[in-house]
Amino acid sequence: MRILKIQTLRGPNYWSIRRHKLIVMRLDLEELAEKPSNEISGFYEGLVEVLPSLESHLCSPGCHGGFLMRVREGTLMGHIIEHVALELQELAGMPAGFGRTRETGTPGVYQVVFEYQEEQAGRYAARAAVRLCQSIVNKGYYLRQELEQDIEDLRDLQRDAALGPSTDAIVQEAQARGIPSMTLGTRFLIQLGYGVHQKRIQATMTAQTGILGVELACDKEGTKRILADAGVPVPRGTVINYFDELESAIADVGGYPIVIKPLDGNHGRGITIDIRNWDEAEAAYDAARDVSRSIIIERYYTGRDHRVLVVDGKVVAVAERIPAHVVGDGVSTIEELIEQTNRDPNRGEGHDNVLTRIELDRTSYQLLERQGYTVDTVPPKDEICYLRATANLSTGGIAVDRTDDIHPENLWLAQRVAKIIGLDIAGIDIVTENITRPLREVDGVIVEVNAAPGFRMHVSPSRGIPRNVAGAVLDMLFPPEKTSRVPILAVTGTNGKTTTTRLLAHIFKQTGQVIGYTTTDGTYIGDYLVEPGDNTGPQSAQLILQDPTVEVAVLESARGGILRSGLAFDASNVGVVLNVAADHLGIGDIDTIDQMAHLKSVVAEAVLPNGYAVLNADDHRVAAMRDRVKSQVAFFTMNPENELVKRHTQQGGLAAVYENGYLSILKGDWTLRIEQAVNVPITMAGKAPFMIANALAASLAAFVQGVSIEQIRAGLNTFKASVKQTPGRMNLFNLGRYHALIDYAHNPHSYEALGGFIRNWTGERIGVVGGPGDRRDEDFITLGKLSAGIFDRIIIKEDDNTRGRSRGSAAELILKGIMQVKPDCPYESILDETTAINKGLDSASDGSLVVILPESVTRAISLIEARRPVGDDIQQL
Ligand code: ATP
Ligand code: ATP
Ligand code: MG
Ligand code: MG
């Protein structure tokens with residue numbers, strides 16, 4: 001077997017609209033192509049031996065053990081690898097259920113598709129599954145140790161990619177609410193929502209968390225002073241900078257027991273509490289000094305440690321934090337008890353897991369000593385033996401939910417404190433004997449206020465009810481009346497995508513909003529080019545969706561990008577499908593027009609249920625997409641008698657139609673006329689039918705998004721097929737004696753469309769034709785045939801870049817096509833594009849039209865501009 005390619009999909013795609021995270025592995029089965037599993041001796045046994053858990057895969061028989069039954073009876077290796085890849089991820093703690101395996105047009109080559117949770121882990125699983133199966137084929141087994149190593153590697157990859165627990169809680173909640181989320185540049189910065197409506201978070205700080213509040217919270221002494229001034233109970237204390245101030249500071253706070261902590265520490269670093277004598281104070285001073293220059297000396301308050309979480313002015317959760325401890329069983333030593341406790345799979349390193357493993361430090365030994373113990377002591381049964389003084393989860397503590405127990409006065413106090421410090425999300429640390437009583441009554445204090453408090457203890461407490469605190473954050477960022485999305489309008493089809501995308505963006509501009517759009521020519525925001533290039537893939541779409549100024553996104557969504565990684569968005573508001581024709585066939589395992597239609601249909605199917613799929617009713621493959629979509633449907637047609645559209649509008653559906661020279665919207669019984677085609681420059685005075693179709697599609701897409709008829713009309717009136725607005729698309733130049741037209745048509749369907757316009761020309765029609773070398777032979781022949789039907793005289797040329805073809809072979813094929821249709825057609829073969837274009841222009845007769853289908857649009861334009869065109873005066877036509 002040989003892996004030919006592994007692709008990672010991240011959005012709605014060819015295989016599934018709903019499952020976005022898929023690995024697609026192109027696999028050459030080689031010698032195994034003809035060998036189902038039942039013909040490989042020992043394969044079934046070897047597979048079950050190493051992966052007995054495959055028993056749970058149902059597969060087509062639909063019952064327990066169904067998949068293994070298929071293996072025993074005989075199934076091909078691609079299918080088995082799909083299941084193994086899923087199972088490996090399952091064993092590593094990343095369950096994934098969806099898989100498909102299909103043969104491609106190349107015999108023996110398969111596409112193995114399966115779901116992943118983490119990209120890198122998914123790609124690893126693909127390779128590991130092939131390795132595992134190949135080993136069983138060759139040797140009859142796959143070593144247990146190798147499997148274990150695979151699973152460990154997969155776990156590592158998952159850990160590397162995982163978000164922190166608090167971030168993860170927020171992202172999960174966003175997902176549940178249908179709010180899109182994505183990681184920006186650095187993986188700690190998360191964007192929620194799209195475009196102008198986006199909100200950013202980093203852990204539990206939001207873009208609206210005030211920097212003053214954060215800085216104040218980080219300054220423990222400043223916080224305490226401000227709170228004390230506001231009458232909030234805080235520990236009595238003082239700050240010192242030198243060791244010789246320590247003794248009098250202790251006296252100032254009223255003597256032992258005291259707490260010593262660094263002025264700007266966190267996670268309990270450098271803190272010693274319950275200090276009872278000078279020796280301990282000295283050691284504590286040194287420990288705090290390692291963390292911070294200035295040191296806080298405070299009175300020690302006995303009591304339990306609580307964390308009160310305030311979000312947007314409201315207490316949303318309260319947790320009691322209990323320091324790391326073990327409970328005696330009467331037989332094990334403290335060391336053994338720690339080991340047992342750490343074996344809990346919920347305990348991990350740092351903040352990775354629900355709990356953190358217990359590790360002993362200086363204070364642990366001090367605490368044990370106070371209890372008269374060492375690590376080798378066997379504590380009596382049920383005795384609680386504390387190993388840490390502070391209750392931070394990150395030092396092995398546990399949390400117990402106490403949200404329902406807090407006294408209303410404490411609740412009020414905590415909410416007030418968050419406001420005083422100025423934090424939208426605040427974690428308030430309270431030490432009190434009894435959280436159900438007001439602090440003042442029981443001598444409780446607020447020891448600290450934390451910015452960016454962790455959510456772990458509230459989301460997964462060791463005891464008590466988990467609290468959906470992320471929900472409160474999202475309620476704050478996206479209150480019910482606020483949307484998280486900008487309208488997304490995606491445009492696909494074989495021909496006319498760029499033109500329609502630009503026109504649609506131009507129409508939308510009439511509403512005064514900032515439009516971000518991507519096309520084959522570049523990425524634009526408002527009136528400016530952000531990035532030139534063929535930007536019809538997901539990366540450019542991401543750029544638009546991440547831009548904080550964009551109010552509407554119009555995205556040309558080409559075949560290549562959808563195939564490579566799926567759509568860049570989870571769902572759109574409008575999906576326009578213009579047409580499906582033969583082009584790019586044979587690339588990326590899309591070999592037939594029907595497969596191509598299925599691929600383009602992704603754009604229609606990914607529309608939100610309340611959005612619209614805008615479909616071409618004159619193209620039966622596009623019209624058929626109506627049965628696959630979840631959204632509403634609106635049709636456009638050049639034919640007012642189109643039966644499908646008639647039925648659709650009779651049932652109250654929406655459509656756009658070309659009737660009596662007008663571009664009109666049909667809404668139920670009403671016909672809303674937008675504009676006469678002759679007044680829409682892009683239609684070449686109504687003479688280019690395919691442009692009318694594009695204009696109908698763009699108008700309809702804008703209309704379903706609430707753009708008014710007046711605004712649509714203004715857009716149609718002012719959008720010209722000029723070199724500036726749509727370079728290479730129907731650019732007509734008046735050269736005085738004759739005209740020249742530059743167009744980018746590059747497949748039979750667009751030639752035909754173009755022919756519909758050119759045939760209307762009354763003078764001589766000269767074609768300068770050629771096409772990209774990576775098309776099939778038959779495509780060049782078709783091109784020749786069509787040219788013969790459109791032009792009076794033809795100059796055949798080739799691209800500079802022959803894309804792997806031998807020089808002259810494309811031209812020969814085109815000629816062959818011409819001769820099949822019109823053997824007496826005057827022609828010349830000039831392979832160099834510049835020479836060919838100049839020849840065409842030089843030889844133009846009076847009143848003729850020279851149609852140039854160039855490889856390089858900019859070069860062709862500059863060749864014409866050198867001849868000083870009068871302008872592109874359409875009215876002359
Ligand atoms: P974190 O970042 O986890 O909040 P931190 O390093 O910022 O910890 P503090 O919150 O100031 O440190 O203190 C840690 C814990 O030590 C408190 O939650 C509390 O349990 C205990 N503690 C701190 N000061 C006192 C005090 N004056 N009296 C009693 N306990 C205290
Ligand atoms: P690409 O796949 O190269 O990005 P595209 O789909 O973006 O192409 P455009 O750049 O808008 O298409 O147009 C390319 C050419 O296709 C035009 O110059 C014209 O010849 C032809 N064309 C445009 N619209 C249509 C249409 N609706 N039907 C058929 N041909 C069209
Ligand atoms: Mg704290
Ligand atoms: Mg394009």
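Bear in mind that the values here come from a model prediction, so they are computed numbers and not experimental data. Only this structure's heavy atoms are used, side chains among them; waters, hydrogens and symmetry mates stay out. Counting convention: from 1, in listed order, for ligands and their atoms alike.
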Report yes or no: do [X] and [Y] form a side-chain donor-acceptor pair below 3.5 Å?
X    : Y    : answer
N495 : N579 : no
D618 : N642 : yes
N694 : T499 : no
R276 : Y300 : no
R775 : T782 : no
T520 : E556 : yes
T302 : E433 : yes

Once you restrict to heavy atoms under 4.0 Å, what part of [X] touches ligand 2? Side chain, backbone, both or neither.
X    : value
A745 : both
T499 : both
N694 : side chain

*Does the pair R299 and D443 meet the rule for a salt bridge (charged side-chain N to carboxylate O under 4.0 Å, His left out), with working shown?*
CA-CA 12 Å; R299 206 191 112 194; D443 199 19; 3.1 Å; yes
*Tell me, which protein N/O/S atoms are under 2.8 Å away from the Mg ion (ligand 4)?*
T498 OG1, T520 OG1, E556 OE2
Is there a donor-acceptor pair under 3.5 Å between the side chain of [X] and the backbone N or O of [Y]?
X    : Y    : result
K261 : I296 : no
S166 : G454 : no
N760 : K687 : yes
E855 : E833 : no

Among all protein heavy atoms in this structure, tell me which lies nearest to [atom], with the distance rounded to 0.1 Å.
atom                    : answer
atom 6 (O) of ligand 2  : K497 NZ, 2.7 Å
atom 19 (C) of ligand 2 : D743 OD2, 3.3 Å
atom 12 (O) of ligand 2 : G496 N, 2.9 Å
atom 3 (O) of ligand 2  : H746 CE1, 3.1 Å

At the 4.0 Å heavy-atom cut-off, does [X] count as touching ligand 2?
X    : value
N579 : yes
T494 : yes
E556 : yes

Can you list the ligand 2 atoms lying under 4.0 Å from a non-hydrogen atom of [X]?
X    : answer
T520 : 4 (O), 7 (O)
A753 : 29 (C), 30 (N)
S750 : 16 (O), 21 (C), 30 (N)

Taking heavy atoms and a distance under 4.0 Å, where does [X] meet ligand 1: side chain, backbone, both or neither?
X    : answer
K224 : neither
D274 : neither
R299 : backbone

*Compute the shortest N/O to N/O distance between N450 and ligand 1 and return yes if it is under 3.5 Å, no if not.*
yes
*asked:* For I295 and R289: C-alpha separation, side-chain torsions, deciding distance, then whether side-chain contact (heavy atoms from CB on, under 4.5 Å) applies.
replied: CA-CA 7 Å; I295 284 154; R289 197 56 201 249; 3.6 Å; yes
Numbering as shown, the atoms of ligand 1 that approach [X] to under 4.0 Å (heavy-atom distance):
X    : value
V259 : 24 (N), 25 (C), 26 (C), 27 (N), 28 (N)
R307 : 4 (O)
D305 : 15 (C), 17 (C), 18 (O), 19 (C), 20 (O)

*Assess whether atom CZ of R370 is packed by more than 12 heavy atoms of other residues, nucleotides or ligands within 6.0 Å.*
yes
*Is there at least one pair of N or O atoms, one from L754 and one from ligand 2, spaced under 3.5 Å apart?*
no
*Would you call D429 and K220 a salt bridge, using N to O less than 4.0 angstrom?*
no
Which option out of [options] puts a heavy atom nearest to [atom]?
atom                    : options                : answer
atom 22 (N) of ligand 1 : I273, T302, I260       : I273
atom 28 (N) of ligand 2 : E752, H749, R729, M691 : H749
atom 14 (C) of ligand 2 : Y744, Y751, F690       : Y744

_Can you confirm whether I425 sits close enough to L309 that some side-chain heavy atom of one is under 4.5 Å from a side-chain heavy atom of the other?_
yes
*asked:* Would you call the rings of Y517 and Y524 parallel, tilted or perpendicular, taking 30° and 60° as the class edges?
replied: parallel
